[in-house]
Chemist: 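Before I ask anything, let me first share the structure, which is written out below as structure tokens.
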There are 2 protein chains.
Amino acid sequence: MYSVNMKAEHLHRLVWMSRPLMQAAEACVEAGLAGTGLTVRMRAVLEILHQSGEQTVPEIAARLEIKRQYVQVMCNETLASGFVEQRPNPRHKRSPFLALTDQGRSLIEQIISKELALMAELGADLDSQDIARALDVVCAVTDRLRKQGSPEE
Amino acid sequence: MYSVNMKAEHLHRLVWMSRPLMQAAEACVEAGLAGTGLTVRMRAVLEILHQSGEQTVPEIAARLEIKRQYVQVMCNETLASGFVEQRPNPRHKRSPFLALTDQGRSLIEQIISKELALMAELGADLDSQDIARALDVVCAVTDRLRKQGSPEE
DNA sequence: TTCATATTGACACTATACATGTCAACTTGA
DNA sequence: TCAAGTTGACATGTATAGTGTCAATATGAA
């Protein structure tokens, strides 16, 4: 019963670390973006297109779990940057695919590898297993909190 | 060289989970606050006063790492709720201490214990050690990202 | 004791990151 | 072919926080 309380307390603190972690991470990402002409949200679009290939705006919105209308704005900005271009979508003529240009692909790859290098540096003295399990724990907790927050059955 | 990349990748994903985790957590906290008349930010004020005792607004701002002017607004709201009251501050006459009222103390204790119960439930099948280490990893990474983001030397 | 400097509370304004609502144009599928 | 759905565009709303400024006051060093 002692360790049960400790466990819940640790979990509670872990959950509440999400905000400071996010803020620190965003500040770093932003710093890393300096000079590229990208904003954090444009980076998010590039990353999704890099991970999952060409997609329509509504598909990107679904993946990011934010509203279509806002993603539309993000994507329009990104299109204007020249790192992304439209391609015909045979399944829907009004909703073209967005795809990375060569420039965009090279940029996002460079950004991500820079970020990974930073991660390698920051995590140098951390245990690989611990990190892998931390990821599992965080994913599990996030999932369950989501179900808790909006029970859809 | 293989595991080094895996490690960085896991860390990268862990860091990027911070936003979904935070959003899920906030939704849950908000749901748990329903009926209390508290908002998430009022809860934050109560929690700090509960953890660290009576403090002035600028002290709370320093602890939350958000701007004094915004914390002032949060605290004014919280004061209006009756869960917090002003007490004379011998060190500074214009800046009274804020302290929990009995009602406020009982409310925040009730809220936190409810949250801890939820954590215990969500973490039931997670390993205690893993959670403790996940917390350590997240704290370490947050610290280092902060130093990275704003190198002050 | 006095006075320059700092702190505090209050208020106004701005910015960001979304949500919401609406609409017309178009597409799809029955 | 036509009703129903999808998409892009735009306008507006809201929550969270940052910034700037000011007057009142407090503090601490001379």
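Chain identifiers are assigned alphabetically (A, B, ...) following the order of the sequence lines, protein sequences preceding nucleic acid strands; residue numbering begins at 1 within each chain. The shown structure was predicted, so the numbers you read here are calculated from the model rather than taken from an experiment.
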Chemist: Looking only at the side chains, is there a donor atom on one of R63(B) and Q51(B) sitting less than 3.5 Å from an acceptor on the other?
Modeler: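 Short answer, no.
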Chemist: Whole angstrom is fine here: how far is it from CD in Q72(B) over to C1' in dT19(D)?
Modeler: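 In whole Å, dT19(D) C1' lies 16 Å from Q72(B) CD.
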Chemist: At 10 degrees resolution, what angle do the end axes of the helix from dT1(C)-dA30(D) to dA30(C)-dT1(D) form when each is taken over five base pairs?
Modeler: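 Answer rounded to 10°: the end axes differ by 30°.
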Chemist: According to side chain to side chain donor-acceptor pair (under 3.5 Å), does anything in residues 92-113 of chain A pair up with another residue at least two apart or in another chain? List the pairs.
Modeler: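 Side chain to side chain donor-acceptor pair (under 3.5 Å) check on residues 92-113 of chain A returns H50(A)-E109(A).
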Chemist: Establish, with yes or no, whether the OP1 or OP2 oxygen of dG8(D) is under 4.0 angstrom from a side-chain nitrogen or oxygen of N76(A).
Modeler: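 No.
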Chemist: List the residues meeting salt bridge (charged side-chain N to carboxylate O under 4.0 Å, His left out) with R91(A), not counting sequence neighbours, and say none if there are none.
Modeler: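 R91(A) satisfies salt bridge (charged side-chain N to carboxylate O under 4.0 Å, His left out) with no residue once adjacent residues are dropped.
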Chemist: Please set out all donor-acceptor pairs under 3.5 angstrom arising from side-chain atoms of residues 17-33 of chain B, sequence neighbours excluded.
Modeler:
unit_1: S18(B); atom_1: OG; unit_2: V15(B); atom_2: O; d: 2.7
unit_1: R19(B); atom_1: NH2; unit_2: E26(A); atom_2: OE2; d: 2.5
unit_1: E26(B); atom_1: OE2; unit_2: R19(A); atom_2: NH2; d: 2.4

Chemist: What is the distance, to the nearest angstrom, from the CE atom on M74(A) to the C1' atom on dA19(C)?
Modeler: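 So the CE-C1' distance, M74(A) to dA19(C), works out to 14 Å.
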Chemist: Is there a residue in residues 79-95 of chain B whose heavy atoms reach under 4.0 Å of DNA chain C, and which residues are they?
Modeler: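 Going residue by residue through residues 79-95 of chain B, the ones with a heavy atom under 4.0 Å of DNA chain C turn out to be H92(B), R94(B), S95(B).
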Chemist: With the threshold set at under 4.0 Å for non-hydrogen atoms, list the residues of residues 26-51 of chain A touching DNA chain C in residue-number order.
Modeler: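 Result for residues 26-51 of chain A: R41(A), sorted by number.
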Chemist: Can you give me the closest heavy-atom contact between P96(B) and N89(B), atom names plus distance?
Modeler: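 Closest approach of P96(B) to N89(B), heavy atoms only: CA-CB, 3.9 Å.
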Chemist: If you restrict it to nitrogen or oxygen atoms, what contacts under 3.5 Å exist between nucleotides 2-5 of chain C and the protein, and what is each distance?
Modeler:
none

Chemist: In chain order, what residues pass the side-chain contact (heavy atoms from CB on, under 4.5 Å) check against A62(B), with sequence neighbours excluded?
Modeler: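 side-chain contact (heavy atoms from CB on, under 4.5 Å) check on A62(B) returns nothing, list empty.
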Chemist: On a heavy-atom basis, which atom in L11(A) and which in M119(B) lie closest, and how many Å separate them?
Modeler: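 Minimum heavy-atom contact is CD2-O, 3.2 Å.
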Chemist: What is the minimum heavy-atom distance between L46(A) and G104(A), and which atoms define it?
Modeler: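 What the structure gives for the nearest pair is CD1-O, 4.3 Å.
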Chemist: Are the side chains of N76(B) and Q72(B) in contact, using a 4.5 Å heavy-atom criterion?
Modeler: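 A side-chain contact under 4.5 Å exists here.
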Chemist: Among all residues two or more places apart in sequence or in another chain, which pass the side-chain contact (heavy atoms from CB on, under 4.5 Å) test with A99(A)?
Modeler: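 Residues passing side-chain contact (heavy atoms from CB on, under 4.5 Å) with A99(A): E54(A), R87(A).
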Chemist: About how many Å separate NZ of K7(B) and CG of N5(B), when rounded to the nearest 0.5 Å?
Modeler: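 If I round to the nearest 0.5 Å, the distance is 11.5 Å.
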Chemist: Of all heavy-atom pairs between Q86(B) and L79(B), which one has the smallest distance, and what is that distance?
Modeler: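 Reported closest heavy-atom pair: NE2-CD1, 3.7 Å.
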Chemist: Got a sec, which pairs hit side chain to side chain donor-acceptor pair (under 3.5 Å) with one end in residues 32-43 of chain B, sequence neighbours left out?
Modeler: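 Every pair satisfying side chain to side chain donor-acceptor pair (under 3.5 Å) with a residue in residues 32-43 of chain B: R41(B)-Y70(B), R41(B)-E77(B), R43(B)-E47(B), R43(B)-E115(B).
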Chemist: Calculate, to the nearest 0.5 Å, the distance between atoms CG and CG belonging to D130(A) and L135(A) respectively.
Modeler: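 With rounding to 0.5 Å, CG (D130(A)) is 12.5 Å from CG (L135(A)).
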Chemist: Mind checking what makes side-chain contact (heavy atoms from CB on, under 4.5 Å) contact with E65(B), not counting sequence neighbours?
Modeler: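 Listed in chain order: R146(B).
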Chemist: Residues from residues 60-70 of chain B sitting under 4.0 Å of DNA chain C, heavy atoms only?
Modeler: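 R68(B), Q69(B), in order of number.
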Chemist: For V57(A), which contact category applies under a 4.0 Å heavy-atom criterion: base, sugar-phosphate, or nothing?
Modeler: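 Since only primed, P, OP1 and OP2 atoms lie under 4.0 Å of V57(A), the category is sugar-phosphate.
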Chemist: Nearest whole angstrom, please: distance from the C1' of dT16(C) to the CD of E77(A).
Modeler: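 That distance rounds to 11 Å.
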